[in-house]
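Notes follow once the structure below has been shown.
Sequential numbering from 1 along the given sequence is applied to the chain's residues. None of these values were measured; they are calculated from a predicted model.
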Amino acid sequence: MPRRAVVIGAGLAGMLAAAALAGAADEVVVLDGDALPDGPEHRKGLPQGRHAHILMAGGLAAMEELVPGAGVRKRLLAAGAHELSLGRDMVVLTPEGWFRRWRDEGPALLACTRALLDWTVRDAVVTQAPVRVEVRPGTRVAGLLGGAGRVTGVRFHDGRDGGDGDGRGEDRELTADFVVDASGRGSRVTHWLAALGVTGVRERTVDTGLVNATRLYRAPEGAGRFPVTMVQADPYAGRPGRSGMILPVEDGRWMVSLAGTRGAEPPADADGFLRYARELADPLVGRFIARAEPLGDVRISHSTHNHRRYLEKVRDWPEGLVVLGDALATFNPAYGQGMSVAALGARLLAEEVRRAGDGPGSAGLAARVQRGVVPWVDAAWRAAVGQDVWYPQTRGARPTPADRLVTGYSRRLTKAATGARGAAAALWEVTSLLAPPARLFAPGTLLSVALGPLLPPQAGAPLTAAERALLAP
């Protein structure tokens with residue numbers, strides 16, 4: 001019989017999961033409640049879509065493997081995305097001082113709008129998959145079919161039958177050999193599982209109250225190669241955090257994102273936006289945008305909390321169901337690892353499907369994938385929550401003795417990285433998801449931490465004379 005896979009969600013995680021399943025299923029159906037755009041445009045169901053996104057090297061490598069022959073990287077670069085070096089093309093102020101810019105490149109990252117990234121991946125999967133991948137927009141999933149032992153499909157409301165995808169359309173069923181929930185932050189998978197008799201799922205939320213405010217700009221003349229700029233928040237200062245970022249995106253634009261935790265939220269008006277940027281720990285971001293041409297209004301988002309569902313701890317995980325991406329775990333977007341974690345999860349799904357040999361519905365496969373993604377999810381969770389717990393108004397967690405121990409080492413490592421390339425390289429590789437967190441405790445890294453920064457601290461942002469000339473006084 002033909003084998004069908006169903007993916008809930010046509011975002012980045014969902015389309016990569018569809019690519020992972022396309023080699024083993026005869027048909028992949030992707031259901032999404034949104035009316036999907038026909039090009040690289042923002043869509044309603046992606047609350048963080050208008051804000052800064054960085055695709056790390058580990059996530060990009062996973063995407064290239066999942067969609068072979070499509071050339072995701074080449075497509076993005078051709079459409080105007082920027083490939084940048086973590087070590088050379090970034091200017092970063094950390095709580096421990098300015099990072100240096102090193103001559104050698106280090107891992108690369110891709111910078112573009114989330115709309116371009118999602119559209120490029122969706123188009124690549126649909127056009128390059130070895131089997132038919134059908135994307136059905138305006139289709140809202142209402143529940144799972146099957147029972148506690150195996151999921152056999154989904155129930156959904158199809159807006160094409162007279163509704164608009166919000167539950168007023170006709171109630172239908174779609175059977176499947178395998179289902180992936182990649183429906184994002186708003187996933188109802190815990191409720192769906194409970195309806196099948198799978199209960200007791202542990203969940204956790206850690207919320208700093210972070211607010212993102214973003215505005216697009218036309219950069220000043222000659223600023224095309226101005227480095228990615230980050231002024232990081234200081235979680236350890238005992239007050240709300242404030243941060244800012246300048247990121248090049250397609251069409252000659254720059255995306256400026258400001259962020260503040262509860263009690264220091266950035267404003268939505270243009271004058272307040274500029275003032276907030278100038279009042280960061282360094283006024284670099286404000287000085288840049290003071291000379292840039294604004295393109296549109298300031299956009300605000302509050303969907304920034306960390307939330308995790310510990311599905312891997314369910315004793316008897318149902319066959320035929322995997323949960324990936326933000327439906328499994330969401331991270332404070334300030335740390336930039338969510339997309340890459342989703343890509344690595346989809347790659348693991350593809351590997352396990354190939355290893356099983358007898359199709360995605362084979363016994364034990366779903367549980368292996370659900371457990372297998374845990375190391376990447378754990379790493380991103382610790383990176384985000386390990387800092388977020390220090391903000392005074394954070395809800396859901398306070399620093400533990402273990403947090404204090406890890407933070408002490410982390411701060412010494414970051415301090416060393418401001419003036420020692422070995423420490424910086426370890427941070428690059430782990431942040432890029434090219435290496436596991438154990439890389440931070442390798443002998444060479446421990447030595448770098450023990451010795452501390454080998455070069456004197458930077459007195460200010462490590463900019464060239466030409467870059468400084470672009471800044472307003």
Within the side chain of [X], is there an N or O that forms a donor-acceptor pair under 3.5 Å with the backbone of [Y]?
X	Y	result
Asp32	Gly9	no
Arg101	Pro462	yes
Arg239	Asp234	no
Ser432	Glu429	no

Examine the side chains of [X] and [Y] and answer whether a donor and an acceptor come within less than 3.5 Å of each other.
X	Y	answer
Thr330	His307	no
Asp181	Ser183	yes
Glu250	Thr113	yes
Asp388	Thr208	no

| said: Would you say CZ of Arg204 has more than 12 non-hydrogen atoms from neighbouring residues, nucleotides or ligands within 6.0 angstrom? | reply: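 For Arg204, atom CZ is crowded (more than 12 foreign heavy atoms under 6.0 Å).
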| message | Just checking Arg395: does its CZ atom have more than 12 heavy atoms from other residues, nucleotides or ligands closer to it than 6.0 angstrom? | response |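 No, CZ of Arg395 has 12 or fewer neighbouring heavy atoms, counting only those of other groups under 6.0 Å.
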| field | Ion pair check, Asp378 and Arg308, cut-off under 4.0 Å | value |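 Yes, Asp378 and Arg308 are salt-bridged.
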| said: Less than 4.0 angstrom from a charged side-chain N to a carboxylate O is my criterion; do Glu134 and Arg136 meet it? | reply: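 Arg136 and Glu134: salt-bridged.
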| Sequence-distant partners of Arg299, salt bridge (Lys or Arg N to Asp or Glu O under 4.0 Å), two or more places apart |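 Partners of Arg299 by the salt bridge (Lys or Arg N to Asp or Glu O under 4.0 Å) criterion come out as none, since no residue qualifies.
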| Taking all non-hydrogen atoms of both residues, which atom of Met15 and which atom of Val135 are closest, and how far apart? |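 In this case the closest contact between Met15 and Val135 is CE-CG2, 4.1 Å.
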Could you give the side-chain donor-acceptor pairs of residues 264-273 under 3.5 Å, partners two or more places apart or in another chain?
| residue | atom | partner | partner atom | Å |
| --- | --- | --- | --- | --- |
| Glu265 | OE1 | Gly263 | N | 3.3 |
| Glu265 | OE2 | Gly263 | N | 3.2 |
| Asp269 | OD2 | Gly272 | N | 2.7 |

